[in-house]
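Convention: sequence-line order gives letters A, B, ...; per-chain numbering from 1.
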2 protein chains.
Amino acid sequence: MDDADALFKALADPTRRALLDALSERDGQTLFELCARMATAHGLTSSRQAISQHLDVLETAGLVTRRREGRYTFHDLDTAPLAPLRERWHHPDERTPR
Amino acid sequence: MDDADALFKALADPTRRALLDALSERDGQTLFELCARMATAHGLTSSRQAISQHLDVLETAGLVTRRREGRYTFHDLDTAPLAPLRERWHHPDERTPR
DNA sequence: TTGACAGGCAAGTGCTTACTTGCCTATTGT
DNA sequence: ACAATAGGCAAGTAAGCACTTGCCTGTCAA
């Protein structure tokens, strides 16, 4: 699975996109913080394990990095893999609609 | 399924992304043209029906429009649904890495 | 008119994936 | 020390999805 495939597969799930939303508001959230935030702010009722597995996928895609400190694991957003996505299929000058 | 979900699901498959690539090079291709292009330029060995179903998904996501003329169905790319994708999760001014 | 061409429709199949369940490890506060 | 906290690991399940198979419709050229 190449990088692009991992990236787009990661973005395909609404829960994972909500996680990126949550992390874009504030970096360094723990798994439990993200679980609470999903339940409240995003109205999702996902279990801890489900969220953890989603974070695994996001980490594989390079969108999330983890750093462990003591018994806490903090999650940070990395938007770098999204950069090539903006270039692709985006040539408004080349195709003027009407 | 909301719009964003349809969009990201559509982008999740590599064959569908290749179809968007092919259509971004030239609009107005027929199903058989796209089949041939997938086989040659993109090295994919997908059947006609498979490609057709992929185009259904892309059409649902609003990324491809179809126009029928006689016995031909021409396919056009529409990048408009991709626009909100550029804004989301990308605020480089708000998060300066390092 | 008849056959070839371009495409549509729908059911079935097998793999992927999101989620659960159950248990385990490590760290911290009292 | 011990219980609570924070999280990891792995197998099982059920739904989704990509693809095939088979057949049908509409269009055009000879």
Trainee: Nearest whole Å is fine: how far is dA6(D) P from Arg67(A) CZ?
Mentor: 16 Å
Trainee: Which whole-number value in Å describes the distance from Leu55(B) CG to dC9(C) P?
Mentor: 13 Å
Trainee: In B/S/- notation, 5' to 3', how is nucleotides 18-30 of chain D contacted by protein heavy atoms closer than 4.0 Å?
Mentor: SBBBB----BS--
Trainee: Between Ser52(A) and dG8(D), is there a side-chain N or O to OP1/OP2 distance below 4.0 Å?
Mentor: yes
Trainee: Can you list, by chain and residue number, the hydrophobic cluster partners of Tyr72(A) when the side-chain cut-off is 4.5 Å?
Mentor: Phe74(A)
Trainee: Can you measure Phe8(B) atom CZ to dC17(D) atom P for me and round it to whole angstrom units?
Mentor: 16 Å
Trainee: Figure out the CG/C1' separation between Asp56(A) and dC9(D), and round it to whole Å.
Mentor: 10 Å
Trainee: In the single-linkage hydrophobic clustering (I, L, V, M, F, W, Y; side-chain heavy atoms under 4.5 Å), do Leu11(B) and Val57(A) co-cluster?
Mentor: no
Trainee: When rounded to the nearest 0.5 angstrom, what is the spacing between CG in Leu63(A) and CH2 in Trp89(B)?
Mentor: 8.0 Å
Trainee: What is the separation between atom CG on Leu19(A) and atom P on dC19(C), rounded to the nearest whole Å?
Mentor: 10 Å
Trainee: Find the distance Phe74(B):CZ to dG8(C):P and express it as a whole number of Å.
Mentor: 12 Å
Trainee: Specify the separation, in whole Å, of atom CZ of Phe32(A) and atom P of dG8(D).
Mentor: 10 Å
Trainee: Could you give the CD-to-P distance, from Gln29(B) to dG7(C), as a whole number of Å?
Mentor: 11 Å
Trainee: Using 4.0 Å as the upper bound for N to carboxylate O, is an ion pair formed by Asp76(B) and Arg26(B)?
Mentor: no
